Number of protein chains: 4
Amino acid sequence: MTHRIAILGASGYTGAELVRLIAGHPNMKITALAAERKAGQTMAQVFPHLRHLDLPTLCKIGEIDFGQIDLCFCALPHKTSQEIIRELPKTLKIVDLSADFRLRDPEAYQEWYGNPHAAVAMQEEAVYGLTEFYRNEIAAARLVAGTGCNAATGQYVLRPLIAAGVIDLDEIILDLKCAVSGAGRALKENLLHAELSEGYHAYAVGGTHRHLGEFDQEFSKLAGRPVRIQFTPHLIPVNRGILATAYVRGAADEIHGALSRAYADEPFLQVLPLGETPSTHHVRGSNFCHLGVVADRIAGRSIIVGALDNLTKGSSGQALQNANLMLREPETEGLLMAPLFP
Amino acid sequence: MTHRIAILGASGYTGAELVRLIAGHPNMKITALAAERKAGQTMAQVFPHLRHLDLPTLCKIGEIDFGQIDLCFCALPHKTSQEIIRELPKTLKIVDLSADFRLRDPEAYQEWYGNPHAAVAMQEEAVYGLTEFYRNEIAAARLVAGTGCNAATGQYVLRPLIAAGVIDLDEIILDLKCAVSGAGRALKENLLHAELSEGYHAYAVGGTHRHLGEFDQEFSKLAGRPVRIQFTPHLIPVNRGILATAYVRGAADEIHGALSRAYADEPFLQVLPLGETPSTHHVRGSNFCHLGVVADRIAGRSIIVGALDNLTKGSSGQALQNANLMLREPETEGLLMAPLFP
Amino acid sequence: MTHRIAILGASGYTGAELVRLIAGHPNMKITALAAERKAGQTMAQVFPHLRHLDLPTLCKIGEIDFGQIDLCFCALPHKTSQEIIRELPKTLKIVDLSADFRLRDPEAYQEWYGNPHAAVAMQEEAVYGLTEFYRNEIAAARLVAGTGCNAATGQYVLRPLIAAGVIDLDEIILDLKCAVSGAGRALKENLLHAELSEGYHAYAVGGTHRHLGEFDQEFSKLAGRPVRIQFTPHLIPVNRGILATAYVRGAADEIHGALSRAYADEPFLQVLPLGETPSTHHVRGSNFCHLGVVADRIAGRSIIVGALDNLTKGSSGQALQNANLMLREPETEGLLMAPLFP
Amino acid sequence: MTHRIAILGASGYTGAELVRLIAGHPNMKITALAAERKAGQTMAQVFPHLRHLDLPTLCKIGEIDFGQIDLCFCALPHKTSQEIIRELPKTLKIVDLSADFRLRDPEAYQEWYGNPHAAVAMQEEAVYGLTEFYRNEIAAARLVAGTGCNAATGQYVLRPLIAAGVIDLDEIILDLKCAVSGAGRALKENLLHAELSEGYHAYAVGGTHRHLGEFDQEFSKLAGRPVRIQFTPHLIPVNRGILATAYVRGAADEIHGALSRAYADEPFLQVLPLGETPSTHHVRGSNFCHLGVVADRIAGRSIIVGALDNLTKGSSGQALQNANLMLREPETEGLLMAPLFP
């Protein structure tokens with residue numbers, strides 16, 4: 001059986017990445033691609049790397065007959081997404097890649113995003129899309145909220161440690177380095193090639209990055225008490241990749257054991273031998289996440305490093321993985337391609 | 001039926017690219033990986049991006065039981081390749097990715113490579129591996145010689161024009177821009193990141209690049225008379241991609257027509273609408289080649305631009321495409337993945 | 001004596017580059033910096049790399065007392081520049097970095113830029129700013145028109161050959177590779193890091209790039225008869241640098257001789273030994289231009305390669321060199337810094 | 001008066017950077033350039049970006065008449081440096097850029113570098129070259145030991161805070177991101193362009209990086225008791241730049257005050273307004289170091305970010321600054337050029 005797929009927001013990077021991945025899926029067929037400002041154009045005009053594919057012409061969302069769609073990916077901008085999803089048929093399966101349904105608490109949403117939520121009821125209904133930790137809920141869900149790409153990386157690094165009780169919950173620092181495509185295809189001066197390449201910097205320093213809302217929600221829920229971490233992202237002049245370096249209090253061997261046990265059966269989460277750490281080079285273009293643990297020279301302190309591709313495992317790959325669960329497809333279908341190196 | 005595959009020279013970039021591609025092939029299984037200096041290591045140690053795959057440990061060539069191999073890819077250095085292949089069982093199907101069997105004429109080989117050929121008889125037997133133009137011969141061959149990556153790009157741009165007689169054979173200039181990985185994983189000062197990134201330059205200027213031997217051989221054979229082109233490669237600080245800009249005498253519409261007709265049924269060769277030109281961005285990591293034609297402002301002159309990924313369509317993808325033919329697999333099997341962008 | 005300098009359009013890359021260079025000039029002081037949309041901000045806010053300098057706050061052009069200015073650099077967008085310059089005091093020395101006064105013929109201007117010129121009389125008065133070839137005129141000029149950065153590179157490669165009569169004027173092909181900063185700080189999707197890095201492509205193929213207007217004007221004037229070349233620029237994912245590869249008919253030794261003689265006393269134009277070619281790596285951040293000549297394997301054909309930094313020798317360095325002449329400063333003052341490598 | 005300068009190890013990146021800087025110094029003249037394996041070549045052959053300079057041909061160290069040298073920069077590999085310096089005339093002023101004389105304690109040296117020191121007496125004599133903190137000692141020294149580039153960055157970030165007592169000495173984490181040129185021009189597979197570009201990773205994780213020896217020595221001396229920090233460097237695919245992100249316990253305003261006071265009169269150390277953080281983009285090619293402080297959302301915790309160019313302020317610029325002191329030149333001579341952006 002072939003599932004009929006719609007992608008809203010097909011002219012952005014996560015939209016294009018979804019098309020790339022679904023093109024390799026044997027049981028999905030893209031039957032609608034929407035992009036408001038580029039409606040009427042072909043996907044080959046907007047993304048020439050997809051010109052070999054037989055794809056529907058870009059249309060406006062209003063032109064889609066959602067009765068003919070089995071699952072809809074929403075790769076729309078934050079805030080727009082909730083307004084659109086609110087109006088979609090209530091029977092439609094939806095995987096949202098925006099930030100709009102990640103936070104379950106309307107107050108937390110307003111605090112981090114600055115506006116009241118436009119679809120509070122759906123906010124409650126939405127399942128948080130970190131596949132490995134919400135598998136059953138996702139399989140049963142109608143609306144799944146894709147996680148932040150930084151938030152996914154940090155959680156892959158830290159969740160098993162929090163769950164296993166092997167680290168001090170009040171002493172977690174996450175220094176993260178992310179690639180450029182995470183900022184999307186927006187026309188901003190600070191995203192120009194000449195502004196970004198050949199240098200790097202921190203941003204949202206001091207605890208202002210919105211993905212902290214996800215960390216707070218998820219880690220506190222997991223620990224059963226409030227957990228607040230320190231989190232500093234840095235922008236690296238590379239197109240794909242997130243590297244998260246976590247500084248924690250805990251024994252490296254226990255931490256490595258907790259990670260290894262938690263991910264022993266996970267197809268996409270690979271724990272390196274104790275003492276080795278990963279590189280974003282080795283996950284690029286793939287749905288894999290590599291994780292490594294090292295003991296610090298100071299007794300009782302450890303470093304955990306995680307690497308994934310922000311557009312794949314960090315967003316569109318995760319979205320397809322979730323869609324597979326929602327459609328009763330094998331979870332890894334269309335997602336096992338090897339990373340591209342060099 | 002699953003074909004048993006060996007790769008000799010698995011610790012180089014074309015070897016790793018073969019593994020990446022074959023991992024997605026339903027009817028091939030890698031049963032031997034050889035790398036003399038890294039024998040005993042796992043592929044994950046040499047190429048961590050392949051750690052999720054279940055692969056044989058690297059061995060020495062002498063350790064392989066070639067009676068258990070259906071097809072062998074040789075991704076060895078030039079000159080080494082002919083010495084190894086000469087000793088392999090005469091019944092073994094071989095796709096060679098080195099330069100050793102590209103030139104059919106022993107004298108031409110010696111002229112361009114500086115040493116007498118060590119396996120002259122096999123040189124005659126080898127089929128030139130430019131798939132779209134030697135399909136039948138490749139399907140029937142025991143030994144296929146992969147083309148140079150620059151040579152492939154230039155031929156995709158020019159062969160249909162020479163064959164159709166729509167350009168002046170004495171006035172062909174090929175200005176080519178190639179990526180860094182084409183030089184392999186060799187330890188050379190001029191391949192260091194600090195030497196290459198943030199700048200670019202021409203090399204082998206004036207007609208000294210060895211791929212000219214292939215152009216001379218193939219274009220002359222095709223034209224039925226000697227054809228010698230001008231060819232200048234440039235090194236661009238990017239890991240994958242070749243862009244070839246050809247300056248010819250001929251009418252753009254006739255050229256575009258000749259290309260379009262020649263490649264109308266080719267799955268991997270995509271001719272853009274007249275007036276558009278391609279980018280290496282849009283073929284990266286894929287087996288596609290994009291081609292475009294534009295009329296110059298000077299009447300009777302045209303520019304043709306071709307783009308492909310040197311490691312895929314330019315070497316390992318081509319090799320797999322040829323292996324598919326040799327093993328009676330569908331020609332495109334394992335090769336239809338979309339390019340990676342951004 | 002310290003010259004008082006104004007820069008209009010200080011928030012763009014050529015404006016910032018002027019500030020960088022003038023900061024090292026012993027006899028110039030920047031007394032006004034204009035940037036309409038960023039007026040009121042400090043230069044450190046707009047360009048943090050200049051934060052160590054004591055600079056005037058950005059203002060609007062209308063706020064500048066031009067009676068207190070000795071020389072004004074205009075680094076404004078094309079078309080805006082002519083409208084602003086038309087209104088400036090007629091006694092003010094001006095170096096314009098836009099395209100507005102490069103073409104002397106109003107019809108040629110309209111043909112290439114698509115609109116009638118708004119200051120035709122000044123168009124006639126303006127001196128073309130290719131320093132080494134218009135030195136006396138520049139020293140005596142009130143208004144100097146900076147050349148296009150590609151146009152400068154191509155002319156350094158070709159002018160001495162045309163002047164010496166050592167090449168065929170009807171058989172000149174210029175294949176040029178330029179860096180990203182040449183496109184300025186404009187908010188365009190195709191200038192985003194994720195769109196540009198890791199790939200490259202041709203643009204304005206077929207003779208549509210506006211710098212051809214300059215080539216036509218200058219080469220025809222020099223030859224005393226119409227000269228039209230073929231010119232294809234390519235965009236390379238590097239921030240600074242232009243590499244021009246010229247294909248000509250002529251003897252390499254004569255060409256090398258003509259270049260060497262023409263530039264024997266030029267401080268910034270360096271001719272490499274016959275057979276060697278330059279790299280943009282080795283001129284980055286400097287006012288030098290490196291040039292090399294190689295004989296092709298086809299008798300009677302030669303390749304000349306030129307490299308310079310588009311923001312320095314290609315625009316702002318050239319502008320300062322011209323300003324030095326206009327203000328009776330040593331021509332090289334503030335311009336002899338070594339390139340930055342790696 | 002013109003000082004006669006020798007550079008030993010002129011074929012490496014720090015050697016070339018010294019030449020670039022000294023070329024702009026009015027009172028220094030390079031009279032000897034040594035590079036053992038490249039002796040006999042010109043500097044233009046080894047570093048074509050320096051071809052415009054009138055420089056001595058590369059020679060062997062043994063060929064230099066040190067009686068004619070006023071100051072000698074040693075840019076030799078670690079361990080080689082101590083063996084060479086041990087044999088130089090005892091009256092010669094020396095600025096060493098290697099790691100050999102950074103650690104005063106022979107045991108600490110052996111612990112971090114794995115071999116006994118070959119010039120223990122000189123180890124005691126050497127002055128640690130962090131200019132702003134050892135100015136008087138450097139001015140009086142015969143042998144100055146250049147600091148590690150990472151060590152310099154970390155100390156600029158942390159020394160004033162330790163000295164002022166505004167942070168908890170047992171809770172310092174330094175997450176550092178450094179550029180590729182810091183690893184030098186060595187032929188190593190992991191420094192190839194194809195291995196490095198488009199990805200990034202941590203290295204020497206857990207407290208094994210040798211620059212920790214410097215941190216331990218200097219911070220402990222400053223605090224008057226043992227101080228051991230956590231330090232994780234990451235390799236970023238950029239040629240120049242170090243960004244150090246420090247996580248500390250202390251009030252941001254007090255920290256910002258301590259940094260601001262400490263560096264109020266420093267020409268090269270620029271403290272940004274509280275709440276802003278720097279980028280390596282804005283110090284590239286310069287001797288400036290930018291520093292910023294932000295309060296974390298968790299009360300009592302702060303983040304300090306420092307940025308400098310590893311080849312300039314981190315090594316060769318520092319070396320020239322120290323040489324200026326040793327030769328009674330103005331400390332900033334030859335070092336005030338603006339950063340190169342973009």
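We name chains A, B, ... by the order of the sequence lines, and we start the count at 1 in each one. None of the values given here were measured: they were computed from a predicted structure.
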**Request:** Could you tell me which of A/Val305, A/Ile229, A/Leu235, A/Val283 has the largest number of non-hydrogen atom pairs under 4.5 Å with chain D?
**Result:**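 Top count of heavy-atom pairs under 4.5 Å with chain D: A/Ile229.
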**Request:** Look at A/Leu243, A/Asn239, A/Ile298 and state which one has the largest set of heavy-atom pairs under 4.5 Å with chain D.
**Result:**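 It is A/Leu243.
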Using heavy-atom distances under 4.5 Å, tell me whether [X] contacts chain D through its side chain, its backbone, both, or neither.
| X | answer |
| --- | --- |
| A/Asp175 | both |
| A/Arg284 | side chain |
| A/Ile242 | backbone |
| A/Tyr203 | neither |
| A/Ala179 | both |
| A/Ile303 | side chain |

Distance, nearest 0.5 Å, that separates [atom1] of [X] from [atom2] of [Y]:
| X | Y | atom1 | atom2 | answer |
| --- | --- | --- | --- | --- |
| A/Cys178 | D/Tyr200 | SG | OH | 6.0 Å |
| D/Thr280 | A/His201 | OG1 | NE2 | 9.0 Å |
| A/Arg297 | D/Gln230 | CZ | CD | 9.0 Å |

**Prompt:** Under a 4.5 Å heavy-atom cutoff, which of D/Arg249, D/His193, D/Arg240 has the most pairs with chain A?
**Reply:**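 Most pairs with chain A among the choices: D/Arg249.
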**Request:** Could you check which of D/Thr277, D/Ile236, D/Thr208, D/Val294 has the highest count of heavy-atom pairs closer than 4.5 Å to chain A?
**Result:**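 Heavy-atom pair counts peak at D/Ile236.
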**Prompt:** For atom NZ of A/Lys221, is the number of surrounding heavy atoms from other residues, nucleotides or ligands below 6.0 Å larger than 12?
**Reply:**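 Above 12, so yes.
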**Asked** Stepwise, does the side chain to side chain contact (heavy atoms under 4.5 Å, CB included) test hold for D/Thr232 with A/Tyr247?
**Response** CA-CA 10 Å; D/Thr232 310; A/Tyr247 297 89; 3.0 Å; yes
**Request:** Would you confirm whether D/His281, through its side chain, and A/Ser197, through its main-chain N or O, come within 3.5 Å as a donor-acceptor pair?
**Result:**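 Here the side-chain-to-backbone pair exists.
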**Asked** Got a salt bridge between A/Asp296 and D/Arg228, using NZ or NE/NH1/NH2 to carboxylate O under 4.0 Å?
**Response**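 Not counted as a salt bridge, because no side-chain N and carboxylate O are separated by less than 4.0 Å.
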**Message:** A side-chain contact here means heavy atoms from C-beta on lying under 4.5 Å apart; do A/Glu195 and D/Phe341 qualify?
**Reply:**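 Result yes, sub-4.5 Å side-chain heavy-atom pair found.
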**Prompt:** Is there side-chain contact between D/Thr245 and A/His234, with heavy atoms separated by less than 4.5 Å?
**Reply:**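 Touching, per the 4.5 Å side-chain cut-off.
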**Request:** Specify the closest pair of heavy atoms between A/Pro237 and D/Val238, including all atoms of both residues, with the distance to one decimal.
**Result:**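 Taking A/Pro237 first and D/Val238 second, the nearest heavy atoms are CG-CG2, 3.5 Å.
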**Message:** How close do D/Pro342 and A/Ala194 get, counting heavy atoms only, and between which atoms?
**Reply:**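 Looking at all heavy atoms of both residues, the shortest contact is CB-O, 3.3 Å.
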